[in-house]
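Predicted model only: the values in this text are computed from it and were never measured.
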Amino acid sequence: MKLGLGLYQRMLTKENFRFAKQVGCTHIVAHLTDYHTVPLDLDLHDKVYSLENLQRLKREMNEEGVEFHAIENFCPAHWYDVLLDGPKKQEQMERLKSIVRNMGEVGIPVLGYNFSIAGVWGLTEEHAARGKARTAVFHNPEHTPIPMGTVWNMQYDFQPAEGHLQKITAEDLWSRLDYFLGELLPVAEEAGVILAAHPDDPPLKEVRGHSRLVYKPELFQKLLDLHPSKNSRLEFCLGTIQEMADGDVYEAIEKYADSIGYIHFRNVRGKVPHYDEVFVDEGDIDMIKALRILKERNYEGVLIPDHTPATECDAPWHAGMAYALGYMKAAISSLERDK
C-alpha cells in the first residue's frame with residue numbers, strides 16, 4: 001500500500017509536493033477545480049486541465065520525488081449538461097474525453113468523479129473533534145432547493161434563470177450515468193485511465209430534493225455492473241461508507257477491494273443524518289482492521305487522508321495531515337512486518 005496526499009488547486013505548489021515527500025507520501029491526488037471562483041470560469045479551467053498544465057504539474061511533482069496519481073473531480077463548468085441532460089451534453093462530453101486523453105498522454109492513471117447534482121453539501125465546521133479541533137460536521141441541515149445555473153454547489157451560469165432545478169428521479173440519474181460511462185469509458189480504456197466513482201456524501205437517498213446514486217454499499221455493484229470494465233472502479237471513501245445508514249464498512253472493503261482506484265482513508269463518528277469527521281484514530285471505524293482486510297485482499301494501491309481536523313497551531317492543515325499520514329505509515333509498516 002502506498003501513501004498519497006490530496007491537494008486543492010491553490011495548494012499545487014512545489015513546497016507542498018516537497019511536504020508530501022517529507023511526511024512519507026509517494027503520490028499526489030490533485031483537485032484542479034478552483035472551488036472558490038464563483039461563477040466558475042470555463043476558460044480558466046480549460047487551461048488548468050490542459051495538456052500543457054498537466055505536463056507541468058507532473059514534472060514539478062516528479063522533481064520533488066512524488067508521482068501524479070489522480071485528478072479528483074471535473075469542474076462543473078465542464079460537464080453540467082452531462083449531469084443535467086442538457087443541450088450541451090455532447091459538446092461537454094467531448095471536452096471530458098479530451099481531458100482523459102490528456103491524462104493518458106501525461107501518464108496520470110486515475111480520474112476520480114462524483115456523478116451528482118447536489119454534490120457534497122450540508123457540511124459546516126465545528127469544534128467537534130478531539131481536543132475541540134475544528135472539523136467538518138453534518139448535523140441534519142434543512143434541505144434547500146438548488147438554484148438554476150448551479151450544480152455541485154457551484155454556479156456555472158453568469159446569468160442564471162430564476163427559480164430552481166427541476167427534481168429528477170433515481171432512474172433519470174442512473175440513465176445519465178449510463179450515457180456518461182458509455183461515452184467516456186472506451187476513451188479511458190484506450191488512454192489507460194481508470195474512472196473511479198466516489199459514493200455520495202452525505203449518503204442520503206435524496207439531497208436538496210435530488211436523487212443520489214450510491215448511498216449504500218450495495219449500489220457500488222450496480223454502478224460497476226452498468227459498464228463492466230477494468231477501467232471502471234471506485235474512489236473508495238471509508239468515511240462516506242461508514243456514514244451510510246445501511247451496510248458495513250468492513251464487508252464493503254472485503255467485497256470491493258479488487259475494484260478500487262484509490263482510497264480516502266478517513267474516520268467519522270455517527271451516521272446520516274448526524275455525523276462528525278474526526279481524527280483518524282478516534283472515529284467509529286477500526287482503521288487497523290480496515291487496513292488488515294485490505295492487506296489480506298492484496299490491495300497495493302494509494303490511500304490518502306482526504307480530510308482531517310485542523311490542529312491548534314500555525315499550520316493547522318499541514319499538521320493535521322502529518323498526524324494522519326504518520327498514523328497511516330506506522331500502521332501499514334506494522335502490518336507489512338506481520339507476515
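- Ring planes of Trp79 and Phe180: tilted class, angle from 30 to 60°.
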Steps toward side chain to side chain donor-acceptor pair (under 3.5 Å) verdict (His264, Glu235): CA-CA 7 Å; His264 284 175; Glu235 186 183 333; 3.2 Å; yes
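- Counting non-hydrogen atoms of other residues, nucleotides and ligands closer than 6.0 Å to NZ of Lys329 gives a total of 12 or fewer.
- Using a 4.0 Å cut-off between charged nitrogen and carboxylate oxygen, Lys58 and Glu67 count as a salt-bridge pair.
- In terms of modelled atom types and a separation under 3.5 Å, the side chain of Asn231 and the main chain of Val193 share a donor-acceptor contact.
- Exactly one residue among Arg233, Lys230, Arg297 makes a salt bridge (Lys or Arg N to Asp or Glu O under 4.0 Å) with Asp258. That residue is Arg297.
- Of the possible polar contacts, none joining the Asn267 side chain to the Val278 backbone as a donor-acceptor pair under 3.5 Å is found.
- Considering every non-hydrogen atom in both Ala196 and Val110, the closest pair reads CB-CG1, 3.9 Å.
- Phe220 and Leu111 fall within the same hydrophobic cluster, where Ile, Leu, Val, Met, Phe, Trp and Tyr residues are linked whenever their side-chain heavy atoms come under 4.5 Å apart, directly or through other members.
- Considering only heavy atoms from C-beta on, Ser232 stays 4.5 Å or farther from Leu195 through its side chain.
- Between the side chain of Gln155 and the backbone N or O of Asp157 there is at least one donor-acceptor pair closer than 3.5 Å.
- Panel note: side chain Gln92, backbone Tyr80; a donor-acceptor pair is recorded below 3.5 Å.
- Remark: side-chain polar atoms of Gln221 are not paired, donor with acceptor, to backbone N or O of Glu218 under 3.5 angstrom.
- In this structure His45 satisfies the side chain to side chain donor-acceptor pair (under 3.5 Å) test with no other residue, sequence neighbours excluded.
- Taking Glu60 as the reference, Arg56 meet the side chain to side chain donor-acceptor pair (under 3.5 Å) condition, with sequence neighbours excluded.
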Pair Tyr275-Asp284, side chain to side chain donor-acceptor pair (under 3.5 Å): steps then yes or no: CA-CA 10 Å; Tyr275 58 84; Asp284 295 337; over 6 Å; no
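- Heavy-atom minimum distance, Pro199 versus Thr240: CG-CG2, 3.8 Å.
- The salt bridge (Lys or Arg N to Asp or Glu O under 4.0 Å) test with Arg134 is passed by exactly one of Glu312, Glu126, Glu125: Glu125.
- Contact record, Val214 with Asp200: N-OD2, 2.8 Å, taken as the closest heavy-atom pair.
- Because its NZ or CZ atom is both nearer than 6.0 Å to the ring centre of Tyr250 and within 45° of the ring axis, Lys289 counts as a cation-pi partner of that residue.
- Applying the side chain to side chain donor-acceptor pair (under 3.5 Å) criterion to Thr308, with sequence neighbours excluded, gives no partner residue.
- Without hydrogens or angle criteria, Lys271 side chain to Met244 main chain gives a donor-acceptor distance under 3.5 Å.
- For Glu300, the CD atom is loosely surrounded, since the number of other residues' heavy atoms within 6.0 Å does not exceed 12.
- Closest approach of Lys167 and His210 over heavy atoms only: CA-CE1, 3.8 Å.
- Contact record, Pro228 with Leu226: CD-C, 3.8 Å, taken as the closest heavy-atom pair.
- Using a cutoff of 4.0 Å between basic side-chain nitrogens and carboxylate oxygens, Arg212 and Glu206 are not scored as salt-bridged.
- A donor and an acceptor atom, one from each side chain of His31 and Gln9, are nowhere located under 3.5 Å apart.
- Here Arg292 does not pair with Asp286 in a salt bridge; the nearest charged N to carboxylate O distance is not below 4.0 Å.
- Using modelled atom types, one finds no donor on one side chain facing an acceptor on the other under 3.5 Å when comparing Ser175 with Asp172.
- Scanning all heavy atoms of the two residues, the minimum distance from Lys14 to Glu63 falls at NZ-OE1, 3.4 Å.
- By the side-chain contact (heavy atoms from CB on, under 4.5 Å) test, Glu190 is found to be paired with no residue, residues two or more places apart in sequence or in another chain being considered.
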Audit row: Trp317, Met11, side chain to side chain contact (heavy atoms under 4.5 Å, CB included) steps and yes/no: CA-CA 11 Å; Trp317 181 89; Met11 303 177 75; 3.4 Å; yes
Chi angles and distances behind the side chain to side chain contact (heavy atoms under 4.5 Å, CB included) call for Leu57, Leu32: CA-CA 10 Å; Leu57 285 171; Leu32 300 185; 3.8 Å; yes
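- Side-chain atoms of Thr150 never come within 3.5 Å of backbone atoms of Ile146 as a donor-acceptor pair (strictly under, hydrogens ignored).
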Intermediate values then yes/no, side chain to side chain contact (heavy atoms under 4.5 Å, CB included), Asp276 and His139: CA-CA 8 Å; Asp276 304 334; His139 288 178; 2.6 Å; yes
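- Counting only N and O atoms by type, the side chains of Glu72 and Tyr262 include a donor and acceptor under 3.5 Å apart.
- Not counting sequence neighbours, the partners of His227 by the side-chain contact (heavy atoms from CB on, under 4.5 Å) test are Asp178, Leu181, Leu185.
- Using modelled atom types and a 3.5 Å distance limit, the side chains of Thr13 and Arg18 yield no donor-acceptor pair.
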From CA spacing to verdict: side chain to side chain contact (heavy atoms under 4.5 Å, CB included), Tyr49, Asn102: CA-CA 8 Å; Tyr49 285 79; Asn102 289 345; over 6 Å; no
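- At distances below 3.5 Å, at least one donor-acceptor pair connects side-chain atoms of Tyr256 with backbone N or O atoms of Pro217.
- Counted by atom type alone, Ser229 and Glu189 present one or more donor-acceptor pairs between their side chains at under 3.5 Å.
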Side chains of residues 81-88: which donor-acceptor pairs under 3.5 Å do they make with residues two or more places apart or in other chains?
unit_1: Asp81; atom_1: OD2; unit_2: Lys88; atom_2: N; d: 2.9
unit_1: Asp85; atom_1: OD1; unit_2: Lys89; atom_2: NZ; d: 2.8

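- Counting only distance, with no hydrogens or angles, the side chain of Arg208 and the backbone of Glu142 share no donor-acceptor pair below 3.5 Å.
- You'll find the ring centres of His198 and Tyr113 outside the 6.0 Å limit.
- Classified by interplanar angle (parallel below 30°, tilted 30° to 60°, perpendicular above 60°), the ring pair Trp121/His143 is tilted.
- Around the CG atom of Asp314, the shell of radius 6.0 Å holds no more than 12 heavy atoms that belong to other residues, nucleotides or ligands.
- Note on Val137: it does not cluster hydrophobically with Val272, by side-chain heavy-atom contacts below 4.5 Å among ILVMFWY residues.
- Ring planes of Tyr35 and Tyr8: perpendicular class, angle over 60° (limits at 30 and 60°).
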